[in-house]
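Data block below; observations after.
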Amino acid sequence: SGRTMHGGRIGLEWQQSNRNTFGISFNGRARAMDSEDTQVFTAEDGTGELLRYGSQVNTSLSENFSYTGQITFRHKAPKEGKEWSADLTYNGWHRDSDASFNVNSQEATGGTTPGSPSTQQNIGGSNAGTVTFQLDVVDPMKEGTKFEYGVRSNVNLDNTWLGVHITRPGEPTERDSTLSNDFDITDIVNAVYVNWSQKLDERWSLMAGLRFEQTWYETVLLDTDQRFSYKYPDGTENLAKALFPAIYLVRRWEGTTRELQINFSRKIDRPRFWQIMPFIMFADTRNLRIGNPTLAPELSNLAEVNHLL
(Lines give C-alpha, C1' and ligand atoms only; values in the text may rest on other atoms or scores of the structure.)
Protein backbone atom coordinates (compact mmCIF):
# COMPACT_ATOMS: atom_id res chain seq x y z
CA SER A 1 0.00 0.00 0.00
CA GLY A 2 1.08 3.58 -0.55
CA ARG A 3 -0.04 7.14 -0.03
CA THR A 4 1.00 10.45 -1.58
CA MET A 5 -0.17 14.00 -0.92
CA HIS A 6 0.64 17.38 -2.47
CA GLY A 7 -0.81 20.80 -1.76
CA GLY A 8 -0.32 24.53 -1.67
CA ARG A 9 -1.89 27.81 -0.60
CA ILE A 10 -1.82 31.40 -1.78
CA GLY A 11 -3.50 34.46 -0.30
CA LEU A 12 -3.66 38.24 -0.58
CA GLU A 13 -4.92 40.83 1.92
CA TRP A 14 -5.49 44.48 1.04
CA GLN A 15 -6.15 47.17 3.63
CA GLN A 16 -8.05 49.67 1.52
CA SER A 17 -8.32 52.14 4.43
CA ASN A 18 -8.09 52.18 8.18
CA ARG A 19 -11.65 50.86 8.23
CA ASN A 20 -11.91 48.42 5.28
CA THR A 21 -9.88 45.26 4.66
CA PHE A 22 -10.31 42.84 1.75
CA GLY A 23 -8.85 39.36 1.48
CA ILE A 24 -8.71 36.55 -1.07
CA SER A 25 -7.15 33.11 -0.75
CA PHE A 26 -6.98 29.76 -2.51
CA ASN A 27 -5.60 26.38 -1.47
CA GLY A 28 -5.61 22.98 -3.10
CA ARG A 29 -4.59 19.48 -2.15
CA ALA A 30 -4.19 16.29 -4.20
CA ARG A 31 -4.08 12.83 -2.65
CA ALA A 32 -3.59 9.30 -3.96
CA MET A 33 -3.80 6.04 -2.03
CA ASP A 34 -3.54 2.39 -3.02
CA SER A 35 -3.79 -0.76 -0.92
CA GLU A 36 -3.93 -4.54 -1.13
CA ASP A 37 -4.95 -7.08 1.51
CA THR A 38 -6.06 -10.69 1.76
CA GLN A 39 -8.95 -12.01 3.84
CA VAL A 40 -9.29 -15.69 4.71
CA PHE A 41 -12.77 -17.06 5.39
CA THR A 42 -14.61 -20.26 6.30
CA ALA A 43 -18.30 -21.25 6.11
CA GLU A 44 -19.89 -23.70 8.54
CA ASP A 45 -23.34 -25.19 9.02
CA GLY A 46 -25.42 -24.98 12.21
CA THR A 47 -23.51 -27.85 13.81
CA GLY A 48 -20.12 -26.28 13.16
CA GLU A 49 -19.20 -28.62 10.32
CA LEU A 50 -17.01 -26.98 7.68
CA LEU A 51 -18.77 -26.39 4.36
CA ARG A 52 -16.26 -24.34 2.40
CA TYR A 53 -13.22 -22.14 2.80
CA GLY A 54 -11.27 -19.67 0.74
CA SER A 55 -9.70 -16.25 0.46
CA GLN A 56 -10.55 -12.82 -0.89
CA VAL A 57 -7.88 -10.50 -2.28
CA ASN A 58 -8.82 -6.82 -2.17
CA THR A 59 -7.02 -4.13 -4.15
CA SER A 60 -7.97 -0.46 -4.34
CA LEU A 61 -6.80 2.82 -5.82
CA SER A 62 -8.25 6.19 -4.88
CA GLU A 63 -7.32 9.65 -6.17
CA ASN A 64 -8.92 12.92 -5.12
CA PHE A 65 -8.41 16.64 -5.40
CA SER A 66 -9.91 19.23 -3.06
CA TYR A 67 -9.66 23.00 -3.13
CA THR A 68 -10.99 26.05 -1.30
CA GLY A 69 -11.40 29.63 -2.47
CA GLN A 70 -12.41 32.43 -0.10
CA ILE A 71 -13.20 36.14 -0.31
CA THR A 72 -13.39 38.15 2.92
CA PHE A 73 -14.30 41.71 3.85
CA ARG A 74 -14.08 43.46 7.22
CA HIS A 75 -15.34 46.93 8.09
CA LYS A 76 -14.54 48.80 11.30
CA ALA A 77 -17.05 51.49 12.25
CA PRO A 78 -16.11 54.85 13.80
CA LYS A 79 -17.61 53.59 17.06
CA GLU A 80 -14.90 51.83 19.09
CA GLY A 81 -15.21 48.04 18.89
CA LYS A 82 -18.06 48.01 16.35
CA GLU A 83 -17.37 46.07 13.17
CA TRP A 84 -18.92 43.72 10.67
CA SER A 85 -17.40 41.05 8.45
CA ALA A 86 -18.56 39.01 5.46
CA ASP A 87 -17.03 35.79 4.10
CA LEU A 88 -17.82 33.89 0.91
CA THR A 89 -16.22 30.45 0.61
CA TYR A 90 -16.32 27.73 -2.04
CA ASN A 91 -15.06 24.19 -1.36
CA GLY A 92 -14.69 21.79 -4.27
CA TRP A 93 -13.97 18.07 -4.27
CA HIS A 94 -13.34 15.46 -6.98
CA ARG A 95 -12.67 11.76 -6.38
CA ASP A 96 -12.00 8.71 -8.58
CA SER A 97 -11.79 5.18 -7.19
CA ASP A 98 -11.14 1.70 -8.56
CA ALA A 99 -11.38 -1.39 -6.36
CA SER A 100 -11.47 -5.13 -7.10
CA PHE A 101 -12.41 -8.08 -4.89
CA ASN A 102 -11.16 -11.49 -6.09
CA VAL A 103 -12.75 -14.47 -4.33
CA ASN A 104 -11.47 -18.05 -4.53
CA SER A 105 -13.57 -20.62 -2.68
CA GLN A 106 -13.10 -24.37 -2.18
CA GLU A 107 -15.65 -26.94 -0.98
CA ALA A 108 -14.77 -28.91 2.16
CA THR A 109 -15.56 -32.11 0.28
CA GLY A 110 -13.11 -31.14 -2.46
CA GLY A 111 -13.30 -29.15 -5.64
CA THR A 112 -13.98 -25.54 -6.45
CA THR A 113 -17.17 -23.86 -5.28
CA PRO A 114 -19.55 -23.19 -8.22
CA GLY A 115 -19.05 -19.65 -9.50
CA SER A 116 -15.51 -19.46 -8.15
CA PRO A 117 -13.16 -17.79 -8.72
CA SER A 118 -15.12 -14.55 -9.10
CA THR A 119 -14.11 -10.94 -9.44
CA GLN A 120 -16.08 -7.86 -8.42
CA GLN A 121 -14.83 -4.52 -9.72
CA ASN A 122 -16.09 -1.24 -8.28
CA ILE A 123 -15.41 1.90 -10.30
CA GLY A 124 -16.75 5.10 -8.84
CA GLY A 125 -16.22 8.72 -8.02
CA SER A 126 -17.82 11.92 -6.87
CA ASN A 127 -17.97 15.64 -7.61
CA ALA A 128 -19.01 17.97 -4.82
CA GLY A 129 -19.19 21.70 -4.27
CA THR A 130 -20.10 23.70 -1.17
CA VAL A 131 -20.86 27.42 -1.04
CA THR A 132 -20.85 29.12 2.37
CA PHE A 133 -21.80 32.72 3.10
CA GLN A 134 -21.46 34.25 6.56
CA LEU A 135 -22.16 37.75 7.87
CA ASP A 136 -21.27 38.74 11.46
CA VAL A 137 -21.83 42.04 13.29
CA VAL A 138 -20.30 43.06 16.64
CA ASP A 139 -21.76 46.10 18.38
CA PRO A 140 -20.60 47.16 21.88
CA MET A 141 -23.68 48.98 23.14
CA LYS A 142 -21.88 50.50 26.13
CA GLU A 143 -19.05 49.65 28.48
CA GLY A 144 -19.48 46.07 29.68
CA THR A 145 -22.27 45.33 27.18
CA LYS A 146 -21.86 43.76 23.75
CA PHE A 147 -24.41 42.70 21.14
CA GLU A 148 -23.58 40.30 18.30
CA TYR A 149 -25.71 38.93 15.48
CA GLY A 150 -25.28 37.29 12.11
CA VAL A 151 -26.48 34.91 9.42
CA ARG A 152 -24.93 31.87 7.75
CA SER A 153 -25.96 29.85 4.71
CA ASN A 154 -24.34 26.60 3.59
CA VAL A 155 -25.30 24.93 0.27
CA ASN A 156 -23.75 21.59 -0.64
CA LEU A 157 -24.29 19.84 -4.01
CA ASP A 158 -22.85 16.36 -4.50
CA ASN A 159 -22.96 13.77 -7.29
CA THR A 160 -21.61 10.31 -6.41
CA TRP A 161 -21.60 7.23 -8.59
CA LEU A 162 -20.50 3.61 -8.37
CA GLY A 163 -20.49 0.97 -11.09
CA VAL A 164 -20.19 -2.63 -9.87
CA HIS A 165 -19.32 -5.37 -12.36
CA ILE A 166 -19.15 -9.12 -11.59
CA THR A 167 -17.10 -11.67 -13.54
CA ARG A 168 -17.54 -15.46 -13.07
CA PRO A 169 -16.04 -18.43 -14.95
CA GLY A 170 -17.68 -19.04 -18.32
CA GLU A 171 -19.98 -16.00 -17.98
CA PRO A 172 -19.77 -12.51 -19.49
CA THR A 173 -19.05 -9.63 -17.15
CA GLU A 174 -22.33 -8.19 -15.85
CA ARG A 175 -23.24 -4.93 -14.15
CA ASP A 176 -24.82 -5.49 -10.74
CA SER A 177 -27.74 -3.08 -10.69
CA THR A 178 -28.40 -3.78 -7.00
CA LEU A 179 -24.98 -2.61 -5.83
CA SER A 180 -24.42 0.07 -8.50
CA ASN A 181 -25.79 3.55 -7.96
CA ASP A 182 -25.66 7.13 -9.17
CA PHE A 183 -27.15 9.78 -6.91
CA ASP A 184 -27.33 13.54 -6.43
CA ILE A 185 -27.38 15.12 -2.97
CA THR A 186 -28.62 18.60 -2.10
CA ASP A 187 -27.91 19.67 1.48
CA ILE A 188 -28.79 23.21 2.63
CA VAL A 189 -28.44 24.61 6.15
CA ASN A 190 -29.41 28.21 6.96
CA ALA A 191 -28.95 29.85 10.34
CA VAL A 192 -29.37 33.18 12.11
CA TYR A 193 -28.11 34.02 15.60
CA VAL A 194 -28.00 36.75 18.24
CA ASN A 195 -25.67 36.95 21.28
CA TRP A 196 -25.75 39.38 24.18
CA SER A 197 -23.01 39.67 26.81
CA GLN A 198 -23.14 41.81 29.93
CA LYS A 199 -20.69 42.45 32.75
CA LEU A 200 -23.01 42.46 35.76
CA ASP A 201 -20.44 43.73 38.28
CA GLU A 202 -16.75 43.29 39.10
CA ARG A 203 -17.24 39.58 39.74
CA TRP A 204 -20.14 38.34 37.63
CA SER A 205 -20.65 38.33 33.85
CA LEU A 206 -23.43 36.88 31.71
CA MET A 207 -23.72 35.84 28.07
CA ALA A 208 -26.97 34.70 26.42
CA GLY A 209 -27.61 33.67 22.84
CA LEU A 210 -30.25 32.25 20.54
CA ARG A 211 -29.73 30.50 17.20
CA PHE A 212 -32.32 29.38 14.64
CA GLU A 213 -31.37 26.71 12.09
CA GLN A 214 -33.24 25.38 9.05
CA THR A 215 -32.19 22.29 7.08
CA TRP A 216 -33.28 20.92 3.71
CA TYR A 217 -31.83 17.67 2.40
CA GLU A 218 -32.72 15.72 -0.75
CA THR A 219 -31.20 12.70 -2.48
CA VAL A 220 -32.14 11.55 -5.99
CA LEU A 221 -31.15 8.09 -7.22
CA LEU A 222 -30.68 8.88 -10.91
CA ASP A 223 -30.93 5.31 -12.23
CA THR A 224 -34.47 4.83 -10.88
CA ASP A 225 -35.55 8.43 -10.14
CA GLN A 226 -36.11 7.50 -6.49
CA ARG A 227 -36.18 10.53 -4.20
CA PHE A 228 -35.73 11.01 -0.51
CA SER A 229 -36.11 14.44 1.05
CA TYR A 230 -35.86 15.73 4.57
CA LYS A 231 -36.79 19.12 6.06
CA TYR A 232 -36.25 20.36 9.57
CA PRO A 233 -38.24 22.11 10.77
CA ASP A 234 -41.10 21.05 8.48
CA GLY A 235 -43.91 23.54 8.95
CA THR A 236 -44.73 25.20 12.26
CA GLU A 237 -45.36 22.13 14.45
CA ASN A 238 -41.70 21.53 15.25
CA LEU A 239 -40.56 25.13 14.81
CA ALA A 240 -39.54 25.41 18.47
CA LYS A 241 -37.13 22.50 18.00
CA ALA A 242 -35.13 24.64 15.55
CA LEU A 243 -34.35 27.18 18.30
CA PHE A 244 -31.11 26.71 20.21
CA PRO A 245 -30.64 28.90 23.29
CA ALA A 246 -27.48 29.19 25.34
CA ILE A 247 -26.76 30.90 28.68
CA TYR A 248 -23.33 31.28 30.31
CA LEU A 249 -22.83 32.73 33.80
CA VAL A 250 -19.28 33.32 35.06
CA ARG A 251 -18.02 34.38 38.49
CA ARG A 252 -14.36 35.44 38.85
CA TRP A 253 -12.20 36.14 41.91
CA GLU A 254 -9.92 39.16 41.68
CA GLY A 255 -6.19 38.48 41.82
CA THR A 256 -6.55 34.72 41.27
CA THR A 257 -7.33 32.27 38.46
CA ARG A 258 -10.31 30.94 40.41
CA GLU A 259 -13.46 30.90 38.29
CA LEU A 260 -16.97 29.48 38.55
CA GLN A 261 -18.80 28.70 35.30
CA ILE A 262 -22.48 27.78 35.01
CA ASN A 263 -23.92 27.22 31.55
CA PHE A 264 -26.85 25.71 29.70
CA SER A 265 -27.11 25.11 25.95
CA ARG A 266 -29.10 23.16 23.40
CA LYS A 267 -27.35 21.27 20.58
CA ILE A 268 -28.37 19.43 17.44
CA ASP A 269 -26.61 16.53 15.73
CA ARG A 270 -28.06 15.72 12.32
CA PRO A 271 -27.73 12.28 10.72
CA ARG A 272 -25.04 12.09 8.04
CA PHE A 273 -26.22 11.41 4.53
CA TRP A 274 -24.98 7.80 4.54
CA GLN A 275 -26.96 7.16 7.74
CA ILE A 276 -30.36 8.10 6.28
CA MET A 277 -30.15 7.32 2.55
CA PRO A 278 -32.20 4.16 1.86
CA PHE A 279 -29.87 3.06 -0.97
CA ILE A 280 -26.86 0.77 -1.12
CA MET A 281 -23.96 3.14 -1.62
CA PHE A 282 -20.91 0.88 -1.86
CA ALA A 283 -20.20 -2.74 -1.07
CA ASP A 284 -18.10 -5.77 -1.82
CA THR A 285 -19.36 -9.33 -1.96
CA ARG A 286 -19.47 -9.55 1.84
CA ASN A 287 -20.20 -6.04 3.14
CA LEU A 288 -23.24 -3.85 2.51
CA ARG A 289 -24.17 -0.44 3.86
CA ILE A 290 -27.59 1.17 3.68
CA GLY A 291 -29.17 4.07 5.55
CA ASN A 292 -32.30 4.36 7.66
CA PRO A 293 -34.61 7.13 6.33
CA THR A 294 -36.57 7.30 9.61
CA LEU A 295 -33.62 8.67 11.61
CA ALA A 296 -34.33 12.08 13.15
CA PRO A 297 -31.89 14.71 14.41
CA GLU A 298 -30.52 14.20 17.89
CA LEU A 299 -31.35 17.11 20.19
CA SER A 300 -29.36 17.50 23.41
CA ASN A 301 -29.88 19.79 26.40
CA LEU A 302 -26.55 20.34 28.13
CA ALA A 303 -26.01 21.81 31.60
CA GLU A 304 -22.53 22.24 33.09
CA VAL A 305 -21.00 23.59 36.27
CA ASN A 306 -17.22 24.09 36.35
CA HIS A 307 -15.21 25.40 39.26
CA LEU A 308 -11.58 26.26 38.50
CA LEU A 309 -9.48 26.62 41.63
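On a predicted model such as this, the values are computed, not experimentally measured, just so you know.
Among residue pairs with one or both ends in residues 148-168, those qualifying as ring-ring contact (aromatic ring centres under 6.0 Å, His included) are Phe147-Tyr149; sequence neighbours excluded. For residues 84-108, the salt bridge (Lys or Arg N to Asp or Glu O under 4.0 Å) pairs, not counting sequence neighbours, are Arg52-Glu107.
Salt bridge absent: Arg3 and Asp34 never bring a charged side-chain N and a carboxylate O closer than 4.0 Å. A salt bridge links Asp225 and Arg227; the closest N-O separation between the charged side-chain nitrogens and carboxylate oxygens is under 4.0 Å. Salt-bridge annotation for Glu213 and Arg270: present, with a side-chain N of the basic residue lying under 4.0 Å from a carboxylate O of the acidic one. We find that Asp201 and Arg252 are not joined by a salt bridge, their nearest charged nitrogen and carboxylate oxygen being 4.0 Å or further apart.
Here the rule is salt bridge (charged side-chain N to carboxylate O under 4.0 Å, His left out) with Glu83, and of Lys76, Arg74, Lys146 only Arg74 fits it.
Under a hydrophobic clustering in which Ile, Leu, Val, Met, Phe, Trp and Tyr are joined whenever their side-chain heavy atoms come within less than 4.5 Å, directly or via other members, Phe22 and Phe26 fall into the same cluster. If you chain together hydrophobic residues whose side chains sit under 4.5 Å apart, Leu200 and Met207 never meet in one group. Both Leu88 and Val137 are members of a single hydrophobic cluster when ILVMFWY side chains are connected at heavy-atom separations under 4.5 Å.
In this structure, Thr224 OG1 and Phe183 CZ are separated by 12.0 Å, a value rounded to the nearest 0.5 Å.
Heavy-atom neighbours of Glu202 CD from other residues, nucleotides or ligands within 6.0 Å: at or below the threshold of 12. Residue-environment remark: CZ (Arg266) exceeds the threshold of 12 foreign heavy atoms within 6.0 Å.
Between Gln261 and Asn263, the side chains place no donor N or O within less than 3.5 Å of an acceptor N or O (distance only, hydrogens not considered). Side-chain contact, Asn154 with Asn190: no donor N or O sits under 3.5 Å from an acceptor N or O. Under 3.5 Å, the side chains of Ser55 and Asn104 contain no donor-acceptor pair of N or O atoms. A donor-acceptor pair shorter than 3.5 Å cannot be found between the side chains of His6 and Arg31. Checked by atom type, the side-chain pair Trp93/Ser126 shows a donor-acceptor distance below 3.5 Å.
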Q | CA sep, side-chain torsions, deciding dist, call: Ser118, Phe101, side chain to side chain contact (heavy atoms under 4.5 Å, CB included) | A | CA-CA 8 Å; Ser118 65; Phe101 311 94; over 6 Å; no
Q | side chain to side chain contact (heavy atoms under 4.5 Å, CB included) between Thr89 and Phe133, worked out | A | CA-CA 7 Å; Thr89 306; Phe133 173 75; over 6 Å; no
Q. Which is it for Leu299 and Lys267 under the side chain to side chain contact (heavy atoms under 4.5 Å, CB included) test, yes or no, and what are the steps along the way?
A. CA-CA 6 Å; Leu299 300 174; Lys267 308 290 186 181; over 6 Å; no
Q. Does the pair Leu210 and Leu243 meet the rule for a side chain to side chain contact (heavy atoms under 4.5 Å, CB included), with working shown?
A. CA-CA 7 Å; Leu210 181 65; Leu243 297 174; 4.2 Å; yes
Q: Go through the steps for Asp223 and Arg175 under the test salt bridge (charged side-chain N to carboxylate O under 4.0 Å, His left out), then give the verdict.
A: CA-CA 13 Å; Asp223 288 343; Arg175 182 178 186 270; 3.3 Å; yes
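A donor-acceptor pair under 3.5 Å is absent between the side-chain atoms of Thr145 and the main chain of Met141, judged by distance alone. With hydrogens and angles disregarded, a donor-acceptor distance shorter than 3.5 Å links the side chain of Ser116 to the backbone of Ser105. Between the side chain of Asp187 and the main chain of Glu218, no donor-acceptor pair closer than 3.5 Å is present. Looking only at distances, no side-chain donor or acceptor of Ser300 sits under 3.5 Å from a matching main-chain atom of Leu302. Here the side chain of Lys79 pairs a donor or acceptor atom with the backbone of Pro140 at under 3.5 angstrom.
Contact check for Arg19 versus Pro78: side-chain heavy atoms found under the 4.5 Å cut-off. A heavy-atom distance below 4.5 Å is found between the side chains of Trp204 and Leu249.
The six-membered or imidazole ring of Trp84 lies near that of Phe73, with a centre-to-centre distance under 6.0 Å.
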